[in-house]
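Count residues from 1 along the sequence.
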Amino acid sequence: YGGLILAIIVGIWYLKRKKLPLWQIVDVLVPSIPIGQAIGRIGCFLNGCCYGKPTTLPWGVKVPGRDPLDLTPLHPTQVYSAVGDLIIFFILSYLWKRRKFEGQILLMYLVLYSILRFILNIVIL
């Protein structure tokens, strides 16, 4: 989180220094965040980490690296998250031309990502 916090601080400082419109630029950049998150989640899936609870669903994933004796299928929460992030990206892209105020895309991202994490953490994990 340190790198992200520093990037935000430096970004705001730079935009103010150059007298650029902060919220317009934030709205332009925000849709790239869920794309990056989706790519990161696919990396988690390929790495074999961040799985969810055991499941009996047919798409449950068996992870041999965890415990060689335990091949219980697990929820592929990384895939759920990647799909959710892509959906968020498409929603934000759709809303881009329909936004009513500057900063709305950031606000919508925060709301949608919070809902996604709530669903993943409470319902599935």
Side-chain angles (χ1 to χ4, degrees):
Y1 292 108
L4 176 63
I5 293 168
L6 181 61
I8 290 170
I9 292 169
V10 170
I12 291 171
W13 169 80
Y14 181 80
L15 292 173
K16 292 212 181 262
R17 183 169 180 243
K18 295 292 184 177
K19 296 182 172 64
L20 296 171
L22 173 66
W23 295 112
Q24 286 178 3
I25 291 177
V26 167
D27 277 348
V28 168
L29 297 176
V30 163
S32 64
I33 295 172
I35 292 291
Q37 289 173 318
I39 292 168
R41 286 297 164 188
I42 297 302
C44 288
F45 181 75
L46 295 174
N47 188 44
C49 63
C50 308
Y51 285 92
K53 292 178 184 176
T55 183
T56 57
L57 295 171
W59 56 81
V61 178
K62 296 179 181 178
V63 185
R66 290 178 19 157
D67 180 358
L69 301 176
D70 182 15
L71 290 179
T72 304
L74 305 171
H75 278 284
T77 53
Q78 323 88 321
V79 176
Y80 302 159
S81 183
V83 170
D85 287 326
L86 289 175
I87 291 169
I88 290 171
F89 168 76
F90 288 117
I91 291 171
L92 295 179
S93 297
Y94 174 79
L95 293 174
W96 170 252
K97 291 183 181 176
R98 293 154 186 84
R99 67 190 186 283
K100 305 279 191 250
F101 58 91
E102 294 175 359
Q104 182 179 0
I105 302 302
L106 172 63
L107 180 62
M108 285 306 301
Y109 166 74
L110 294 173
V111 168
L112 293 171
Y113 189 69
S114 297
I115 292 169
L116 174 64
R117 292 305 302 180
F118 176 79
I119 292 169
L120 290 176
N121 288 342
I122 302 300
V123 178
I124 297 173
L125 293 177

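Summarising the geometry, atom CG belonging to Leu95 is positioned 10.5 Å from atom CG belonging to Leu107; distances are rounded to the nearest 0.5 Å. Taking CG from Asn121 and OG1 from Thr77, the interatomic distance works out to 9.0 Å, rounded to the nearest 0.5 Å. Distance CD1/Ile88 to CG/Leu112: 5.5 Å, rounded to 0.5 Å. Note: Leu6 CG to Trp13 CH2 = 11.5 Å, rounded to the nearest 0.5 Å. Note that NZ of Lys53 is 12.0 Å distant from CG of Leu74, once rounded to the nearest 0.5 Å. For the atom pair Tyr109 OH and Leu106 CG, the distance stands at 9.0 Å (nearest 0.5 Å).
Transitive grouping of hydrophobic side chains (ILVMFWY, heavy atoms separated by less than 4.5 Å) keeps Phe89 and Trp96 in distinct clusters. The cluster map of Ile, Leu, Val, Met, Phe, Trp and Tyr, joined by side-chain heavy atoms under 4.5 Å apart, puts Ile33 and Ile87 in the same cluster. In terms of hydrophobic clustering, with Ile, Leu, Val, Met, Phe, Trp and Tyr side chains grouped at heavy-atom distances under 4.5 Å, Ile8 and Val30 are assigned to a common cluster. Note: the hydrophobic cluster containing Leu120 also contains Leu110 (ILVMFWY, side chain heavy atoms under 4.5 Å, direct or indirect links). Val83 and Leu86 are members of different hydrophobic clusters when ILVMFWY side chains are connected at heavy-atom separations under 4.5 Å.
Sparse packing is recorded around OH of Tyr94, with 12 or fewer heavy atoms of other residues, nucleotides or ligands lying under 6.0 Å away. When the shell of 6.0 Å around CZ of Arg98 is examined, it contains more than 12 heavy atoms from other residues, nucleotides or ligands.
Heavy-atom minimum distance, Pro54 versus His75: O-CD2, 4.1 Å. Of all heavy-atom pairs between Val63 and Gly48, the closest is CG1-O, 4.3 Å. The nearest pair of heavy atoms linking Pro73 to Lys62 is CG-CE, 4.0 Å. Annotation for Val28 and Pro31: closest pair O-CD, 3.4 Å, computed over non-hydrogen atoms. Nearest heavy-atom pair across Ser81 and Arg117 is OG-NH1, 4.4 Å. The two residues Ala82 and Ile42 have their closest heavy-atom pair at CB-CD1, 3.8 Å.
Remark: side-chain polar atoms of Gln24 are not paired, donor with acceptor, to backbone N or O of Glu102 under 3.5 angstrom. No donor-acceptor pair closer than 3.5 Å links the side chain of Asp85 to the backbone N or O of Ile35.
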Practice item. May I have the step-by-step check of side-chain contact (heavy atoms from CB on, under 4.5 Å) for Trp59 and Val79, ending in yes or no? Key: CA-CA 11 Å; Trp59 56 81; Val79 176; over 6 Å; no

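Residues Ile119 and Tyr80 form no side-chain contact, since every pair of their non-hydrogen atoms from C-beta on lies 4.5 Å or further apart. Using a 4.5 Å heavy-atom cutoff, the side chains of Tyr113 and Leu116 are in contact.
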